Structure formats: C-alpha cells, structure tokens
J.: 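The structure under discussion is supplied below as structure tokens; questions concerning it will follow.
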Amino acid sequence: MAKASASFVCQNCGAAFNRWQGKCEACGEWNTLVEEAGDNAVPVSIRAKRRGRTFKLESLAGKSNDAPRLPSGMAELDRVTGGGFVRGSVLLVGGDPGIGKSTLLTQATSLMAKAGHRTVYISGEEAIAQVRLRAERLGLASAPVELAAETSVEDIIATLSEGTTPKLIVIDSIQTMWTDTVESAPGTVTQVRASAQALIRFAKKTGAAIILVGHVTKDGQIAGPRVVEHMVDAVLSFEGEGSQQFRILRSVKNRFGPTDEIGVFEMTGLGLREVTNPSELFLSERDLGSPGTAVFAGIEGTRPVLVELQALVAPTTLGTPRRAVVGWDSARLSMVLAVLEAHCGVKLSGYDVYFNVAGGLRINEPAADLAAAAALVSSLANAPLPTDAVYFGEISLSGAVRPVAQTTARLKEAAKLGFARAVLPESARGETPSEAGLLLQSVGGLSSLVADIAARGTKRTDRDPERQGNSAPAQRAASNATPARFRQGSG
Ligand code: TYD
Ligand code: MG
C-alpha cells in the first residue's frame with residue numbers, strides 16, 4: 001500500500017528527509033526542518049503504468065525564433081534583463097522588504113501598459129487600495145494596468161487564461177501564493193515551489209512573461225525557495241541601504257542575457273529614477289580636496305563603478321573607541337585597521353573611526369581595501385589625497401597589497417571620467433595594466449602608501465597650527481614606516 005508521504009523539508013535549501021533532525025545535512029543550517037506533506041502524492045504503482053509518448057527530436061541548428069523581447073521602457077531594467085522581458089520567461093526579483101520592489105514593478109507594468117501591452121499586477125500582500133495609492137503617488141494611476149489582490153494560484157491561472165494573454169504578469173510575492181495541489185501552509189518551501197511550478201508552466205504554455213517577487217532572508221538569500229532560483233529563467237536582486245537613495249538591481253542568473261549586470265536607480269519622492277552613469281553620479285558631489293576621501297575603482301557586475309569612500313578618524317572620548325561602517329563589511333574595516341596598526345605603525349586605538357561608502361552603494365569586493373586604507377590614513381593624517389587619483393587593491397594580513405581582477409576595466413573607467421592616476425597593486429594576475437593617459441603608481445606594501453600619505457599630511461599641518469594636535473600620529477606613522485626617500489620631505 002502506498003504510504004502517505006510526509007517528509008521534513010529544509011526551509012533553507014529544500015532538501016527533504018524522512019525524519020526530523022536539528023541540523024539540515026544538506027546545507028548545514030540549524031532548525032530549518034519543517035514537516036510537510038509530500039508534493040508527489042501520486043503512488044508509484046499508478047505512475048509507473050503510464051507509457052511514454054514518443055516525440056520528435058530536433059536538431060540544434062533548426063530554425064529558432066529569436067527570443068522575442070519586450071522592452072520595459074526602463075533602460076536600466078532592460079540592461080539587467082538583457083534587453084527586455086523574453087516571451088514565456090519567468091523572472092524572480094528578490095530584495096529586502098521596503099527596498100522598492102513593488103515600486104519598480106508598478107512603474108515597469110505601468111510603462112508597458114501605456115505602450116499598449118496587456119499587463120496584470122497581482123498583489124498577494126497589499127490590498128488593491130494600497131497598490132492604487134502607490135500608483136497615484138507615482139503619477140501612474142491612469143495607466144491601464146489590471147489589478148487584483150489574490151493568492152490562489154488556481155484562481156489566478158483560471159482568470160488569466162481568459163481573453164488575450166497578458167504580455168507581463170507580476171506576482172507580488174511568490175511567498176504569499178498557495179495552490180490546492182499541496183497541503184503545506186503558504187510560505188513553506190513545498191508551497192512556494194508548487195506555486196512557482198504552476199505559474200512557470202502557465203508562462204511557458206501561453207508565452208506570457210511572469211515576474212515573481214521574492215522576499216529575502218536576513219542573510220541575503222531569497223527566503224526558502226533557493227529551489228525557485230533554479231526553476232526560473234532569471235534571478236534579479238534589488239539592493240541598497242534602505243536609508244540612502246540609491247538602489248542597485250543586480251542580475252544573479254539570466255538564461256537570456258548577461259549575468260552580474262547592474263542597473264542603478266535613485267528612490268525619489270516620485271518613485272524610482274534611472275541613473276544612466278553611476279560613476280558620475282556617485283562622484284558628483286565630491287568634496288574635492290578634503291582629507292578622508294578616496295575614490296575606489298570597483299567592479300559591479302560587468303560594469304566598472306567609481307565610488308567615493310569616506311573616512312573620519314577622530315579622537316575618542318570613550319573607553320572603547322567607536323567603529324561605525326555604512327556600505328562596507330565591518331569585519332573588513334577591523335582587518336584593515338589591524339593591518340595599519342600592526343604593520344604601518346598607525347595607532348588607532350585612541351580614535352573613533354567612521355566609514356561610509358558614498359551614495360548608498362554596498363561594496364563586497366576585497367579590492368576596496370586599499371582605497372579604504374588610503375581614506376583612513378588621509379583622515380588621520382589630515383592629508384587630502386590627490387583628487388585625480390583612484391585606488392584599488394586587496395590588502396593581506398601581512399600588509400602586502402595583493403593584485404585584483406579586471407584591472408584594465410577599472411583603469412578604463414577611471415580614464416573615461418578624467419582621472420589622471422591610479423594607485424594599484426604591483427602585479428595584476430594575468431593582466432598587464434595599461435591605460436593611455438593614466439599614471440600608474442603601483443604599491444607592493446601598505447606601509448609605503450601610508451608613509452606617502454602621512455608625508456603629505458605633515459607638510460599641510462605645518463601650515464595649519466590648529467590641526468597640530470592631529471598631526472602627531474601622522475608624524476609617528478611617517479617616522480615608523482617611512483622609507484628614507486620619504487623622510488626628507490616630512491622631516
Ligand atoms: P516598496 O516598493 O513598497 O518596497 P517593497 O515592495 O520592496 O517592500 O517601497 C517602499 C519604500 O519606498 C517605502 O519606504 C517608501 C519608498 N517610496 C519612496 O520613497 N518614493 C515613492 O515614490 C514610493 C512609491 C515609495
Ligand atoms: Mg512590496
């Protein structure tokens with residue numbers, strides 16, 4: 001007799017076990033196993049009886065309809081999707097609550113509806129009135145988008161199967177959807193997976209493009225349904241510091257376009273505004289010539305992005321000095337501070353350190369280490385860095401500056417934006433850095449960079465008696481780490 005298949009499913013990775021255990025053996029997470037009714041409830045004895053249907057095999061070179069794309073009318077969104085939504089494709093858009101997923105998709109559906117395409121927006125989280133309110137705020141209330149507040153996948157599919165097939169359907173969010181075919185509660189892995197499967201089948205059958213909105217857990221994964229990530233054609237993630245105005249749409253997976261591409265938006269009172277040249281924007285309000293800022297030549301996806309790193313190092317009044325970071329990993333900052341202290345003679349224990357990435361960009365690249373260190377030392381020594389220089393390079397615990405990838409792309413972007421020099425690691429892995437018009441200053445170790453900056457600071461503070469107190473550590477740093485060639489200038 002077929003036994004009702006109940007199983008314990010990990011809500012993090014979707015692995016199924018036939019008994020409960022504290023730790024998921026597949027992904028190592030604790031307390032993620034939840035009992036769910038199995039989703040393949042058809043007994044094996046019945047399934048096995050169906051005979052296979054024969055089908056015609058096609059050649060690889062056969063006539064292929066070029067994936068017809070439907071541009072959304074938002075260039076930054078289209079850049080990330082690879083030129084528009086592909087017919088019959090399913091996209092997953094993930095992001096923290098309140099980041100602007102519903103806003104982005106309301107704007108995209110409205111623009112497409114205005115262009116004459118049938119678009120449907122299904123909200124499982126908000127009432128119709130709330131969705132309307134947002135549209136009004138965005139000035140898009142007149143767009144002929146069809147709205148519904150529904151959560152039953154069967155009802156949604158039945159409704160959408162009538163009339164002309166919509167070109168674009170937004171499901172906000174997949175975690176609120178449920179289907180009759182499985183018994184688990186909405187939001188569980190089994191429900192999310194079954195609902196997504198039903199919607200994906202609908203998309204492939206009718207040719208409608210579907211966007212699924214997915215919540216993100218605190219560690220940055222699209223909650224539960226990592227399984228859904230494998231089922232959909234593209235995964236986009238919408239990121240940004242909630243308190244700042246910039247938002248980054250990142251493509252994590254894309255079957256029909258580039259991955260790792262980013263689109264940059266600015267959240268304004270009237271919704272999301274597209275930012276076509278992020279580097280120019282992140283650098284637009286630079287405080288030229290003030291100490292504590294360094295321009296980092298980073299890579300976001302496939303696009304080089306220049307961004308200003310800001311540091312403020314100030315004497316502390318507290319027993320334990322403060323270390324506050326926005327837009328960067330605080331563990332990474334501690335590491336850079338430790339290396340500065342251990343290998344470069346920069347004593348920071350008596351100072352509060354505040355660190356910020358301008359514009360709300362979040363940097364994950366280790367290549368930002370060198371720029372961060374430059375900004376920190378510049379603030380401590382009260383020595384403005386050259387305004388025409390960009391910095392990049394990874395710092396190792398020994399104080400050496402390690403090479404990073406994509407040197408050429410970083411240098412190109414810097415040259416394009418009018419920078420004249422780059423401070424970079426000595427040898428780039430498999431790359432010979434060259435960029436016309438850019439003076440390359442390679443550093444092998446952090447201490448030489450520190451000495452260089454500190455030497456500039458001492459000169460400046462000599463002329464500025466009020467800052468004399470601050471220059472003491474700079475002088476100490478300079479004399480500790482300065483090779484003979486720099487001592488002359490600072491002495
Ligand atoms: P929302 O799209 O509801 O986020 P999500 O669907 O990702 O949870 O966006 C919510 C935030 O965006 C909210 O904090 C208010 C802000 N916002 C603006 O600043 N301007 C606007 O025009 C809109 C519609 C929202
Ligand atoms: Mg929302």
Side-chain angles (χ1 to χ4, degrees), residues 72-74 76-77 80-81 90-114 119-143 145-151 156 168-178 186-187 192 195-196 199 210-225 228-229 232 234-252 262-275 281 326 359-362:
S72 65
M74 296 177 91
E76 286 294 292
L77 176 59
V80 181
T81 53
V90 179
L91 247 101
L92 180 66
V93 176
D96 289 336
I99 202 77
K101 301 180 294 297
S102 305
T103 307
L104 176 73
L105 297 175
T106 306
Q107 286 181 248
T109 42
S110 302
L111 282 173
M112 287 187 61
K114 278 187 173 168
T119 59
V120 179
Y121 192 103
I122 311 263
S123 175
E125 287 181 351
E126 291 166 297
I128 294 204
Q130 283 172 295
V131 180
R132 275 198 194 125
L133 218 62
R134 182 185 290 112
E136 256 165 47
R137 181 172 172 184
L138 299 172
L140 294 167
S142 63
V145 177
E146 293 166 55
L147 284 182
E150 282 297 332
T151 54
I156 292 169
L168 179 69
I169 302 162
V170 173
I171 305 284
D172 188 1
S173 65
I174 186 67
Q175 274 96 356
T176 54
M177 295 294 137
W178 62 278
V192 168
S195 303
L199 290 163
I210 297 189
I211 301 180
L212 307 174
V213 174
H215 292 298
V216 161
T217 54
K218 56 184 181 311
D219 52 355
Q221 292 185 338
I222 298 180
V228 177
E229 292 188 23
V232 296
V235 180
L236 310 184
S237 118
F238 205 34
E239 308 166 354
E241 293 290 329
S243 53
Q244 300 217 23
Q245 72 271 41
F246 298 109
R247 302 282 185 274
I248 313 283
L249 185 66
R250 205 181 281 277
S251 126
V252 182
I262 66 165
V264 183
F265 297 88
E266 185 183 0
M267 182 60 98
T268 69
L270 293 171
L272 291 160
R273 194 181 66 80
E274 296 175 57
V275 174
L281 196 115
V326 177
L361 196 68
R362 194 176 163 79

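Numbers here simply count residues along the sequence, with the first being 1. Every value quoted in this text rests on a predicted model; they were computed, and no experiment measured them. All ligand and atom numbering here is 1-based and tracks the order in the structure.
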J.: Roughly how far, to the nearest 0.5 Å, is NZ of Lys101 from CG of Leu272?
T.: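 Leu272 atom CG to Lys101 atom NZ measures 11.5 Å (nearest 0.5 Å).
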J.: Please check if any side-chain donor atom of Ser237 sits under 3.5 Å from a side-chain acceptor atom of Glu239, or the reverse.
T.: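 Yes, a side-chain donor-acceptor pair sits under 3.5 Å.
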J.: Under 3.5 Å, is there a donor on one side chain and an acceptor on the other for Ser173 and Glu125?
T.: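 Looking only at side-chain atoms, Glu125 and Ser173 do form a donor-acceptor pair, the distance falling under 3.5 Å.
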J.: With a 4.0 Å cut-off on heavy atoms, is Gly95 in contact with ligand 1?
T.: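 It does not, in that no heavy atom of Gly95 comes within the 4.0 Å cut-off of ligand 1.
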J.: Restricting to side-chain contact (heavy atoms from CB on, under 4.5 Å), what partner residues turn up for Glu274, sequence neighbours left out?
T.: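 Result, side-chain contact (heavy atoms from CB on, under 4.5 Å) vs Glu274: Met74, Ala75, Glu76, Phe265.
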J.: Please list the nearest protein heavy atom to atom 23 (C) of ligand 1 with its residue and the distance rounded to 0.1 Å.
T.: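 Result for atom 23 (C) of ligand 1: Arg137 CZ, 3.8 Å.
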J.: Take every heavy atom of Thr268, measure it against each atom of ligand 1, and state whether any distance is under 4.0 Å.
T.: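 Checking ligand 1 against Thr268, which is what was asked, there is a heavy-atom contact under 4.0 Å.
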J.: Testing Ile122, Ile174, Leu105 one by one against Val213 for a side-chain contact (heavy atoms from CB on, under 4.5 Å), which residue passes?
T.: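 Exactly one candidate clears the test, Leu105.
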J.: So which atom in Arg250 and which in Val80 form the shortest heavy-atom distance, rounded to 0.1 Å?
T.: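 For Arg250 versus Val80, the nearest heavy atoms are C-CG1, 4.0 Å.
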J.: What distance separates Gln130 CD from Leu147 CG, expressed to the nearest 0.5 Å?
T.: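 Those atoms lie 12.0 Å apart.
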J.: Which heavy-atom pair separates Thr103 from Gly271 by the least distance, and what is that distance?
T.: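 That closest heavy-atom pairing would be CG2-CA, 4.1 Å.
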J.: Considering only non-hydrogen protein atoms, determine which one is nearest to atom 3 (O) of ligand 1 and report residue, atom name and distance to 0.1 Å.
T.: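 Result: Arg134 NH2, 2.8 Å.
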J.: Mind checking whether Leu138 has an N or O less than 3.5 Å away from an N or O of ligand 1?
T.: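 By distance alone, the answer is no.
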J.: Among protein heavy atoms, which lies nearest atom 12 (O) of ligand 1, and at what distance?
T.: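 Ranked first by proximity to atom 12 (O) of ligand 1 is Met267 CE, 3.2 Å.
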J.: Would one find an N or O of Gly271, backbone or side chain, under 3.5 Å from an N or O of ligand 1?
T.: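 Gly271 vs ligand 1: N/O contact under 3.5 Å present.
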J.: Supply the atom-to-atom distance Ile211 CD1 to Leu104 CG, rounded to the nearest 0.5 angstrom.
T.: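 Reported value, rounded in 0.5 Å steps: 8.0 Å.
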J.: How long is the straight-line distance from CD1 of Ile210 back to CD1 of Ile169, given to the nearest 0.5 Å?
T.: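 These two atoms lie 4.5 Å from each other.
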J.: Considering the heavy atoms of Thr103, write down every atom of ligand 1 situated less than 4.0 Å from one of them.
T.: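 Close to Thr103: 1 (P), 2 (O), 9 (O), 24 (C), 25 (C).
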J.: Polar contacts were defined as any N/O atom of the residue lying under 3.5 Å from an N/O atom of the ligand; does this apply to Gly98 and ligand 1?
T.: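 Yes.
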J.: How many protein N, O or S atoms are found at a distance of less than 2.8 Å from the Mg ion (ligand 2)?
T.: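 If we list every protein N, O or S atom nearer than 2.8 Å to the Mg ion (ligand 2), we get 1.
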J.: Per the side-chain contact (heavy atoms from CB on, under 4.5 Å) rule, which among Thr106, Val93, Thr109 passes with Val170?
T.: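 Only one of Thr106, Val93, Thr109 forms a side-chain contact (heavy atoms from CB on, under 4.5 Å) with Val170, namely Thr109.
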J.: In Å and rounded to the nearest 0.5 Å, what is the CG to CE distance from Asp172 to Met177?
T.: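 If we round to the nearest 0.5 Å, Asp172:CG and Met177:CE are 8.0 Å apart.
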J.: Which atoms of ligand 1 have any heavy atom of Pro97 under 4.0 Å away?
T.: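 Under 4.0 Å from Pro97, ligand 1 has these atoms: 8 (O).
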J.: Can you report which non-hydrogen protein atom sits closest to atom 7 (O) of ligand 1, along with the distance?
T.: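 Going atom by atom, the protein heavy atom closest to atom 7 (O) of ligand 1 ends up being Lys101 N, 2.8 Å.
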J.: Would you say Ser102 has any N or O atom under 3.5 Å from an N or O of ligand 1, going by distance alone?
T.: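 There is such a contact, yes.
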J.: Considering non-hydrogen atoms of the protein only, which is the closest contact for atom 4 (O) of ligand 1, and what is the distance?
T.: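 The closest one turns out to be Gly100 N, 3.1 Å.
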